[in-house]
Amino acid sequence: MFDSDALNEVEVGIAIWDAVDKLSWANTAYRDFYGLPEHLMEEGAPILEHLRHFASIGLYGDRSPEEQVKLEHARFLNRADKMLLDYRLPDGRVMEMRHAPLAKGGKVILHTDVSGFRAYERTLAENDPITGLPSAEAGERMAQSLIDGSEGRGSEGLGLRLRILRLGQYESAFGIGFTNRLIKRFVKKIEALLDKDAVFFRAGGSEFGIFSLTRDAHNLGVSLSKAILEALKLPIILKQGGSPHSITLSVSLGMSRYPKDGTTLGDLWRKNRQIMLEAISEGENQARFYTGKLDAKFARRAKENLQLAEDMRRALRQGEFFLKYQPQVQASNHRLLGCEALMRWEHPDLGDVSPDRFIPIAEEVGLIGELGKKALVDACTQAMAWRDSGLPNMVLCVNVSRLQAQDPAFSKTVEDALQISGLPAANLELELTESVLAENLITVSKNLEQIRALGIRLAIDDFGTGYSSLAQLADLPFDRLKIDKRFVEQIGSGQDALVRAVILIAQSLDMEVVAEGVETEADVSALVAMGCDQMQGYYFSKPLPADQFLNFCQERF
Ligand code: C2E
Ligand code: MG
Ligand code: MG
């Protein structure tokens, strides 16, 4: 049938499975990768035996082997889709498995050792390709080794966080190429002011970090922040389309001192960031040191957040979280397209707590994984129940937090939710905000690809509010773009051009567009005139509890 000698030469493991899940043939690379015993290499060996062998050599990590074998088996039985999955062996090797269903039944799985390639991807992730600066992770590591190397010599350290303000506007006005050149020139200016041993990194989007060892961190902070603000007063001249533009960048700086303000880098960066955000709220080109005494408002808020974080753990156990569903409609014929699942927290003392409040806290205290998983499983289960009770086919949208999107296990969580609920992948859409793209882009885009490969749809939420580059968006596999309600609000106040531009951008990227926060008849007609026909907002319906959503649908559609 085929030349098995040649296939035994290749460095890709090949296993061919027949329609009843028994081994037809496998090559030697496959055997050698996993140290399979000879009896498992014989024709007719059952897949389950192979999966158990994989579990025994630690291919599935330290998760419960039985459960994992079950999950992997279900994955294997999926004949509808091609799949691409990475597994890490305890010896550090990363194996990629590529499932390809065969037309006549059965399946081929190709196994590739991608350890080298993944390591290369990691180096790419260590450097920002635009500026050549270290990434946030790499920068943090470098700063840590400076600290480690200075131990016992009584040095202090200055941590400085810096954000370029309104960078997104330059991109909207002049494009991504221009903005990248602007950032490069900015980086050159800053580099010229730094000691050669200082660590300077790009923390993501428009934020940068500096760490420097010194004898007197306070002194260095005063002089460096002054020098930075002074240097930025001189405009950067850049040409675009033949004509020169003069740009004066505004920034905001937050500083903290090692070891006075924090003895770990994580702690220092957090304080830097906090103080930087405070500086931003005070105006442009402000530099501030962390003082230890946050103003009263900050302190009260921080205390409340701690309490909420505590309450949240209990609330998750006691079922205080539930979902509401907001319809999305086609404006031209009022057809129901789908709905967005929105998390609600009914706090026993405080009443409704807004997701804008509890999601960031959940992210900060590490509960977002659990909460996000709950949203996925509950929403998919609900959507499946609606399908079973005869509601028309529709898309269910679930929001995904930045941290979920960065979790290497995320696509598995999503896959599990589909399996548990039975909802077809094509009925699920995941919403991610632009800020998702600012950090760990490699992990994020890999997750997005895996999710897309499962047949799930992807949408960009709150488009227009974050800083993402259009070039990036064009490269990522999004199906739909949601225009933020802040844009929709501007309709009728003479700002229609902005909304129109956003719709055109989406269309040029070949995405569907849905407008959020549609509240009035006038919004609807203006949006339709601009070519946006998909809408969500109070005009059609507020987010509804599951039973009311069902009534709404039965009455209206
Ligand atoms: P979002 O995903 O952009 O959701 C749309 C928000 O706009 C919702 O706020 C919705 O209630 C509100 N909205 C809808 N129509 C109108 C309208 O006509 N006028 C006005 N003024 N507002 C409207 P909500 O439910 O408070 O959620 C806020 C944000 O919290 C969401 O914004 C989303 O980013 C986040 N969120 C909610 N549930 C989850 C979740 O399960 N996971 C994650 N990660 N985030 C969630
Ligand atoms: Mg959303
Ligand atoms: Mg939104």
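Both counts, for ligands and for their atoms, begin at 1 and track the order of listing. Keep in mind it's a predicted model, so treat the numbers as computed, not measured. Computed over heavy atoms, backbone and side chain alike; hydrogens, waters and symmetry mates excluded.
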Exercise. Any N/O/S of Glu516 under 2.8 Å from the Mg ion (ligand 2)?
Worked result: no
Exercise. Is the centre of the His334 ring less than 6.0 Å from the centre of the Phe540 ring?
Worked result: yes
Problem set entry | Check: Gln534/Glu512 side-chain N/O donor and acceptor closer than 3.5 Å | yes
For this session: Go through ligand 1 atom by atom and flag the ones less than 4.0 Å from a non-hydrogen atom of Ala375.
Result: 41 (O)
For this session: Using a distance threshold of 4.0 Å (strictly less than), state whether atom 24 (P) of ligand 1 has a protein heavy-atom neighbour.
Result: yes
Exercise. Hey, would you say the Phe549 and Trp386 ring centroids sit under 6.0 Å apart?
Worked result: yes
Problem set entry | Proximal atoms of ligand 1 relative to Gln326 (non-hydrogen, under 4.0 Å) | 14 (C), 15 (N)
Seminar exercise, completed: Looking at Glu363, Glu516, Lys485, Arg344, the heavy atom closest to atom 6 (C) of ligand 1 belongs to Lys485
For this session: Report, in ascending order of atom number, the atoms of ligand 1 lying under 4.0 Å from any heavy atom of Pro355.
Result: 24 (P), 25 (O), 26 (O), 27 (O), 28 (C), 30 (O), 36 (N), 37 (C)
Exercise. Between Glu284 and Arg166, is a salt bridge (Lys or Arg N to Asp or Glu O under 4.0 Å) present by the stated rule, with each step listed?
Worked result: CA-CA 10 Å; Glu284 300 188 355; Arg166 290 177 280 102; 2.6 Å; yes
Exercise. Is there a donor-acceptor pair closer than 3.5 Å between any side-chain N or O of Lys324 and the backbone N or O of Ala546?
Worked result: no
Exercise. What do you reckon, does Gly517 put a non-hydrogen atom under 4.0 Å from ligand 1?
Worked result: yes
For this session: Count the heavy atoms of every other residue, nucleotide or ligand shown that sit under 6.0 Å from CD of Gln330, and state whether that count exceeds 12.
Result: yes
For this session: Please work out whether any backbone atom (N, CA, C, O) or any side-chain heavy atom from C-beta onward of Val398 is under 4.0 Å from ligand 1, and answer side chain, backbone, both or neither.
Result: neither
Exercise. Taking atom CD of Glu370 as the centre, does the number of heavy atoms from other residues, nucleotides or ligands within less than 6.0 Å exceed 12?
Worked result: no
Problem set entry | Nearest-contact summary for atom 2 (O) of ligand 1 - protein heavy atom, Å | Asp461 OD2, 2.8 Å
Exercise. Going by the atom numbers of ligand 1, which of them fall below 4.0 Å from some non-hydrogen atom of Glu519?
Worked result: 17 (C), 18 (O), 19 (N), 20 (C), 21 (N)
For this session: Starting from the C-alpha separation in whole Å, work towards a yes-or-no answer on salt bridge (Lys or Arg N to Asp or Glu O under 4.0 Å) for Glu415 and Arg75.
Result: CA-CA 9 Å; Glu415 210 188 337; Arg75 228 175 232 153; 2.9 Å; yes
Problem set entry | Contact partition for Leu371 relative to ligand 1, non-hydrogen atoms under 4.0 Å | neither
Exercise. Within a reach of under 6.0 Å around CZ of Arg313, are more than 12 heavy atoms found that belong to other residues, nucleotides or ligands?
Worked result: yes
For this session: Find out whether Arg161 and Met255 are in side-chain contact, i.e. whether some heavy atom of one side chain is under 4.5 Å from a heavy atom of the other.
Result: no
For this session: Identify the protein heavy atom lying closest to atom 10 (C) of ligand 1, giving its residue, its atom name and the separation to 0.1 Å.
Result: Leu342 CD1, 3.9 Å
Exercise. Looking at Asp462, which of its N, O or S atoms is the nearest one to the Mg ion (ligand 3)?
Worked result: OD1
For this session: Using a strict cut-off of 4.0 Å, indicate which atoms of ligand 1 neighbour a heavy atom of Ser401.
Result: 44 (N)
Seminar exercise, completed: When distances are taken from atom 16 (C) of ligand 1, the protein heavy atom at minimum range is Tyr538 CE2, 3.2 Å
Exercise. If you look at Asp461, which of its N/O/S atoms is nearest to the Mg ion (ligand 2)?
Worked result: OD2
For this session: Report the name of the N/O/S atom of Glu431 located nearest to the Mg ion (ligand 2).
Result: OE1
Problem set entry | Option from Trp269, Phe208, Phe211 for which ring pair (Phe, Tyr, Trp, His ring centres under 6.0 Å) with Phe201 holds | Trp269
Exercise. With no hydrogens and no angle check, do the side chains of Glu72 and Tyr87 hold a donor and an acceptor under 3.5 Å apart?
Worked result: yes
For this session: Could you go through the salt bridge (Lys or Arg N to Asp or Glu O under 4.0 Å) check for Glu207 and Arg273 one step at a time?
Result: CA-CA 10 Å; Glu207 286 186 23; Arg273 188 139 201 285; 3.4 Å; yes
Exercise. Hey, is atom 18 (O) of ligand 1 touched by any protein heavy atom at less than 4.0 Å?
Worked result: yes
Problem set entry | Short N or O distance, Met343 and ligand 1, threshold 3.5 Å exclusive | yes
For this session: May I ask which of Asp356, Ile368, Asp352 has a heavy atom nearer to atom 28 (C) of ligand 1 than the others do?
Result: Asp356
For this session: Check ligand 1 against Pro543 and write out every atom of the ligand that is under 4.0 Å from a heavy-atom position of the residue.
Result: 11 (O)
For this session: Ignoring hydrogens and angles, state whether a donor on the side chain of Tyr539 or Glu521 is under 3.5 Å from an acceptor on the partner side chain.
Result: yes
For this session: Step by step, work out the salt bridge (Lys or Arg N to Asp or Glu O under 4.0 Å) result for Glu519 and Lys485.
Result: CA-CA 10 Å; Glu519 293 185 351; Lys485 53 177 178 279; over 6 Å; no
Exercise. Which option out of Asp484, Leu403, Asn399 puts a heavy atom nearest to atom 34 (O) of ligand 1?
Worked result: Asn399
Exercise. How close does the nearest protein non-hydrogen atom get to atom 3 (O) of ligand 1, and which residue and atom is it?
Worked result: Asp462 OD1, 3.0 Å
Seminar exercise, completed: Any heavy atom of Lys482 under 4.0 Å from ligand 1? The part involved is neither
Exercise. Would you call Lys446-Asp86 a salt bridge at under 4.0 Å N-O?
Worked result: yes
For this session: Please note down the angle at the Mg ion (ligand 2) between OD1 of Asn399 and OE2 of Glu340, to the nearest 10°.
Result: 90°
For this session: Please say whether Ser354 places an N or O atom under 3.5 Å from an N or O atom belonging to ligand 1.
Result: no
For this session: Using non-hydrogen atoms of the residue, decide whether Glu340 is closer than 4.0 angstrom to ligand 1.
Result: yes
